[in-house]
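What you are looking at is a predicted structure, and each value in this text was computed from that prediction instead of being measured. Sequential numbering from 1 along the given sequence is applied to the chain's residues.
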Amino acid sequence: MEIPVQPNMFTRPEDNGWVRTLARFGFAAKGLVYVLIGALSLQAAFSGRGGAAGGHEAVGLLGEQPFGQALLIIVGIGLLGYALWREVLALKDPGHVGHDAKGKAERVGWAVSGVISAGLALTAFQLALGRGGGGDGSRTWVGKAMEQPFGGVLVGIAGIAVIAVAVQQIRKAMRSRFARDLSTQRMSPPERTWVFRMARVGLVSRGVVFGIIGAALIQAAIAHDPGQSKGVREALSTVATSPFGSVLLVLVAAGLCAYGVYMFFCTKYSKLAHPAA
């Protein structure tokens, strides 16, 4: 009896072209943003200023480069491509995660990830047009959420969800679960070694940052104070002000650089049917 082969991405031919291209382009754009976040935070750690950077600062740095406006537009398009891919994963479920509680939770996480990437893409386009970008996006949406009925409860649930993602990132790193979503058979032995190293270090660092963001959301919900929420920049600043903060900031920032490099590998080796990160 012939065993059916599960497709890598989508079963219809029309799904295999531009969506795949945008998804891989999106990995590159996301990788560049994470490398810049890590590099800017490393610079802050080594200079002793104790500051850090988030997505807004990373995208803003691109705009300061020669041909910065063009770079911002290119990165914005890439991030929109990544966002579209995440939404397709959430809606079409090409990886067949299922419709049980675990599968639905995973797909909701992909959808939220897509919205976040789309927001960062909007910041890139705003900066390209000279409109200054979106400011502190995390506190903006938390403030708007808290204006709604049961807004504090919703923000608290969001915080728990972000912490769950943080735990999932660390577990994925420790158990090398990212490997099942990569075409490892196409890698040379040295490539496989470096992909696994970058993925493990990067996912752990990302898990640490997400854990801080999630805890801050819960704290903001309890205090009903949007000002206590944190984005990536504030989470890294929290790391910097902790005991042994400079050393920890160097480690986490280097890990975010590694995650960015891992994203570049994903442009070539991701199967696309299921997030490898």
Side-chain angles (χ1 to χ4, degrees), residues 17-44 47 49 51-91 110-145 202 206 209-210 213 226 229-237 253 256-268 270 272 275 277:
W18 63 276
V19 175
R20 284 176 175 268
T21 301
L22 281 175
R24 296 194 187 280
F25 185 30
F27 276 122
K30 185 182 178 186
L32 178 59
V33 169
Y34 266 91
V35 167
L36 289 175
I37 290 172
L40 288 170
S41 298
L42 281 172
Q43 184 182 38
S47 67
R49 289 187 287 109
H56 186 276
E57 290 76 20
V59 171
L61 180 63
L62 289 173
E64 298 171 4
Q65 308 308 308
F67 307 104
Q69 187 177 33
L71 282 173
L72 287 170
I73 292 173
I74 290 170
V75 168
I77 293 172
L79 290 170
L80 275 182
Y82 186 84
L84 174 63
W85 170 62
R86 287 291 205 179
E87 300 307 324
V88 169
L89 286 176
L91 295 173
W110 299 339
V112 171
S113 172
V115 171
I116 293 171
S117 294
L120 192 54
L122 178 61
T123 297
F125 291 137
Q126 288 176 326
L127 289 171
L129 295 173
R131 295 180 182 174
D136 193 339
S138 64
R139 293 181 182 177
T140 299
W141 78 258
V142 170
K144 290 180 178 178
R206 199 163 179 250
V209 171
F210 278 23
I213 292 173
S229 63
K230 291 179 168 68
V232 173
R233 178 174 62 84
E234 293 82 13
L236 289 171
S237 294
L256 294 181
C257 286
Y259 182 81
V261 174
Y262 170 55
M263 288 292 97
F264 289 126
F265 280 117
C266 285
T267 63
K268 181 178 180 181
S270 174
L272 296 182

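- Across all their heavy atoms, Cys257 and Ala39 have their closest contact at SG-N, 3.4 Å.
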Please assess Met263 against Thr267 for the test side chain to side chain contact (heavy atoms under 4.5 Å, CB included), listing each intermediate value before the final yes or no. CA-CA 7 Å; Met263 288 292 97; Thr267 63; over 6 Å; no
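- Shortest non-hydrogen contact noted between Ser41 and Ala253 is CB-CB, 3.7 Å.
- Closest heavy-atom contact between Ala118 and Ala83: N-CB, 3.8 Å.
- Every residue two or more places apart in sequence or in another chain that forms a side chain to side chain contact (heavy atoms under 4.5 Å, CB included) with Ile116 is listed here: Val112.
- For the pair Leu32 and Phe264, the minimum side-chain heavy-atom distance is below 4.5 Å.
- Nearest heavy atom pair, residue Ile73 against residue Ala128, reads CG1-CB, 3.9 Å.
- Separating the CG atom in Leu79 from the CZ atom in Phe25 is a distance of 8.5 Å, to the nearest 0.5 Å.
- Taking CG from Leu120 and CZ from Phe125, the interatomic distance works out to 10.5 Å, rounded to the nearest 0.5 Å.
- Taking CZ from Arg206 and OH from Tyr262, the interatomic distance works out to 10.5 Å, rounded to the nearest 0.5 Å.
- Nearest heavy atom pair, residue Ser117 against residue Tyr82, reads OG-CD2, 3.3 Å.
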Before giving the answer on side chain to side chain contact (heavy atoms under 4.5 Å, CB included), spell out for Val261 and Tyr34 the whole-Å C-alpha distance, their side-chain angles and the decisive distance to 0.1 Å. CA-CA 8 Å; Val261 174; Tyr34 266 91; over 6 Å; no
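- Annotation: salt bridge (Lys or Arg N to Asp or Glu O under 4.0 Å) contacts involving residues 53-72, sequence neighbours excluded, comprise Glu57-Arg233.
- Looking only at distances, a side-chain donor or acceptor of Glu234 sits under 3.5 Å from a matching main-chain atom of Gly231.
- Note that the CG atom of Leu256 and the CG atom of Leu42 stand 8.5 Å from one another [nearest 0.5 Å].
- The shortest heavy-atom contact between Ala235 and Ile213 is CB-CG1, 3.9 Å.
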